[in-house]
Every structure is written in C-alpha cells, then in structure tokens.
Amino acid sequence: NIYGINRLASPGTTIISNNVIGSTSTANSIFASSASSTDNQIVSGINNAGTGNITITNNTIANLKNGTSRATTFGAVGRINGITSIDGINTISGNIIHDLTIANANTTSGSQASVCGITLGGSTLKTVSGNTIYNLSNTFPSFGGYVIGLLFSGNSGSNSVSRNFIYSLSVTGASSTTASIIGIKTTLGKVTFSNNIINLGGNSKTTIYGISEGGASGNEND
C-alpha cells in the first residue's frame, strides 16, 4: 500500500494543507508497481481516520497509479483514492485531484470502490467545497465496477457539498458494459448540493450518473 499522508485514528485537531502529492506533469509519478493479483493493494494520496476537527485544504494529488491487476470482483480487492476521510468533523476544500489510474476487476460500490477522487465515510458533519477532480480511470478489460468523483457519507446536520468541479472520469475496457461512472454519490446523511459542475461522457459503454443517491433510510438531500 502507498499513503502520501496518513492520519491515524486518534483525537485532535488536524490541518493538512498546501501539499503536493505526486507530480503535476509526470505520469504515474507515484506507482504501486506490484501486480498484487491476490492482495488488497491500496493507493491513497491523503488518508484520515482521526477524530476532532479535520481540515484538508488546497492540496494537489496527481498522477498516482495502482498496478494491481487482481481479477476478483468483490470484497477487499484494491482501490485508488485521492482523499479518504472516514471520521472527524471535516472541512475539505480547494483540493485538486487528477490522473488516478488502476486496472482491476473490483465491482464493490461505496467506500471500497475501485476508483474515487474523494471518499468520505462515517456519520459526522462535513463541508466539501471548491474541489476539482478529473482524469480518474479504470482500464481493466471487462471492468464492471464504479469510478466515482466524490463519495459522500455524513450525519443529519447541515452538511454541504458545493462548487466542486468533476469531469473526465473513464472506463476504457472494450467489454466494460456493466460499469458505472458517477460524479457524486451519497450513501448516508442530510446534505445540500449547490453549484457543483459535473461533466461526464465520452466514448463509453458504461452507465453515467451525475449525482446518485442510494435512497436509504436517513439519506435526505437538497
């Protein structure tokens, strides 16, 4: 596994800001090169499991590659994320995430999805604004899973997802007819979406969702 910055599961105020993880111009500048055909290989630019006030702002995460080729479709089968935060009161803003690549068969949805720009878990308050996410891809020949720009899970408070720009998410496998490309996916909590720009499309046989809500109990969105 590779973690650019890893915040362990302990209390306290945390600020992660103005870092560059990976190169803004060199392809695959951070590369987990193992084919990892039997293991759950993870690449994550910023990973937070800490509690308290968590601020992740103005970071650039670019040109990361997970070399796993694992053909297992479900369970702990490997993934690549720009930012992952599973706890704490989160403010995540102004981050630029681009060119994240993987080629595995992972069909798991939610926080274990194969590719996700920003993954937010847990039932805590979150404000997510002004992030730019683009060029996320899975290139497995028969990929049937999920490429997600922003995955949201929060509480019943005043959560906000606003002014995020998400575009150019792709699945390139010739037989990837059951895959899904999702700009923003929400799984838990009450959240207001406003002024987000999501631009998805291209030559793809996949299903495309701008904003996808699972419709579960306790999921309330504006």
Side-chain angles (χ1 to χ4, degrees), residues 1-22 29-30 32 39-64 66 75-98 100 102 106 108-133 136 146 148-164 166 184-193 214 216 218-219 221:
N1 301 327
I2 294 177
Y3 300 95
I5 296 174
N6 188 38
R7 172 66 164 88
L8 298 178
S10 58
T13 297
T14 301
I15 299 173
I16 302 172
S17 65
N18 298 303
N19 302 284
V20 177
I21 300 171
S29 61
I30 294 179
D39 294 313
N40 174 26
Q41 184 164 281
I42 299 168
V43 174
S44 183
I46 296 173
N47 188 70
N48 169 64
T51 59
N53 291 315
I54 308 297
T55 301
I56 303 175
T57 60
N58 299 322
N59 301 283
T60 298
I61 301 166
N63 285 294
L64 276 56
N66 188 337
V77 293
R79 61 192 184 274
I80 188 165
N81 302 117
I83 295 172
T84 301
S85 183
I86 63 170
D87 211 338
I89 299 171
N90 286 193
T91 299
I92 300 179
S93 64
N95 301 286
I96 300 173
I97 299 167
H98 65 91
L100 309 184
I102 194 170
N106 181 1
T108 313
S109 61
S111 62
Q112 304 295 313
S114 176
V115 189
C116 193
I118 297 176
T119 299
L120 304 175
S123 56
T124 56
L125 188 67
K126 297 177 177 72
T127 301
V128 187
S129 64
N131 301 286
T132 301
I133 301 168
L136 313 185
Y146 298 82
I148 303 170
L150 192 158
L151 176 72
F152 177 90
S153 175
N155 63 12
S156 59
S158 299
N159 297 283
S160 174
V161 175
S162 66
R163 297 184 294 105
N164 300 287
I166 300 169
I184 298 174
K185 180 178 174 65
T186 176
T187 60
L188 179 67
K190 181 178 180 179
V191 57
T192 298
F193 297 105
N219 197 326
N221 304 306

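Note that the structure is predicted; figures quoted are calculated from it, not measured. Residue indices begin at 1 and follow the sequence shown. Worth knowing before you read on, the calculation uses all heavy atoms, side chains too, and leaves out hydrogens, waters and symmetry mates.
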Pairing residues for Asn19 by the side chain to side chain contact (heavy atoms under 4.5 Å, CB included) criterion, not counting sequence neighbours = Ile5, Ile16, Asn59
Close side-chain approach of Tyr146 and Val115, heavy atoms under 4.5 Å = no
Answer yes or no: is there a side-chain heavy-atom contact under 4.5 Å between Leu64 and Ile80?
-> yes
Side-chain donor or acceptor of Asn81 paired with backbone N/O of Ser44 under 3.5 Å = no
Between Ile148 and Gly110, what is the shortest heavy-atom contact and its length?
-> CD1-O, 4.4 Å
Compare every heavy atom of Gly149 with every heavy atom of Ile133, then report the nearest pair and how far apart it is.
-> CD1-O, 3.4 Å
Shortest non-hydrogen contact from Gly45 to Ile61?
-> CA-CG2, 4.0 Å
Over all atoms of both residues, closest heavy-atom pair of Pro11 and Arg7 = O-NH2, 3.4 Å
Distance-only, no hydrogens or angles: does the Ser29 side chain make a donor-acceptor pair with backbone N or O of Gly22 under 3.5 Å?
-> no
Chi angles and distances behind the side-chain contact (heavy atoms from CB on, under 4.5 Å) call for Ile118, Leu151 = CA-CA 6 Å; Ile118 297 176; Leu151 176 72; over 6 Å; no
Kindly indicate whether the side chain of Ile56, heavy atoms from C-beta on, has any atom under 4.5 Å from the side chain of Ile46.
-> yes
Let me see the working for Asn63 and His98 under side-chain contact (heavy atoms from CB on, under 4.5 Å), right down to the final yes or no.
-> CA-CA 7 Å; Asn63 285 294; His98 65 91; 4.1 Å; yes
Just by modelled atom types, is the Thr119 backbone N or O under 3.5 Å from a matching donor or acceptor in the Thr84 side chain?
-> no
Residue among Asn164, Leu120, Ile54 satisfying side-chain contact (heavy atoms from CB on, under 4.5 Å) with Ile92 = Leu120
First locate atom CD1 of Ile89, then atom CG of Asn53, and finally report the distance between them rounded to the nearest 0.5 Å.
-> 5.0 Å
Contact summary for Tyr3 and Ile42, nearest pair of heavy atoms | OH-CD1, 3.9 Å
So, do Ile21 and Thr60 sit near enough that their side-chain heavy atoms are less than 4.5 Å apart?
-> no
Check whether any side-chain N or O of Lys190 sits under 3.5 Å from a backbone N or O of Asn159 as a donor-acceptor pair, and report yes or no.
-> no
Nearest 0.5 Å, what's the OG1-CG distance between Thr127 and Leu125?
-> 5.5 Å
Are the side chain of Asn66 and the backbone N or O of Arg79 linked by a donor-acceptor pair below 3.5 Å?
-> yes
Is there a donor-acceptor pair closer than 3.5 Å between any side-chain N or O of Lys126 and the backbone N or O of Gly121?
-> yes
Excluding sequence neighbours, so at least two apart, what forms side chain to side chain contact (heavy atoms under 4.5 Å, CB included) with Asp87?
-> Thr51, Thr124
Interatomic spacing from OG1 in Thr132 to CD1 in Ile97 - rounded to 0.5 Å | 9.0 Å
For Asn90, check side-chain hydrogen bond (donor to acceptor under 3.5 Å, both in side chains) against everything at least two apart and list the hits.
-> Ser85
Flag side-chain contact, heavy atom, 4.5 Å: Ile86 against Ser111 | no
Which distance, rounded to the nearest 0.5 Å, do you find between the OG of Ser93 and the CZ of Arg163?
-> 8.0 Å
For Val191 and Phe152 the tightest heavy-atom approach is CB-CE2, 3.8 Å
Whether Asn155 side chain and Gly157 backbone form a donor-acceptor pair below 3.5 Å | yes
Is a side-chain N or O of Asn131 found less than 3.5 angstrom from the main chain of Asn95, in a donor-acceptor match?
-> yes
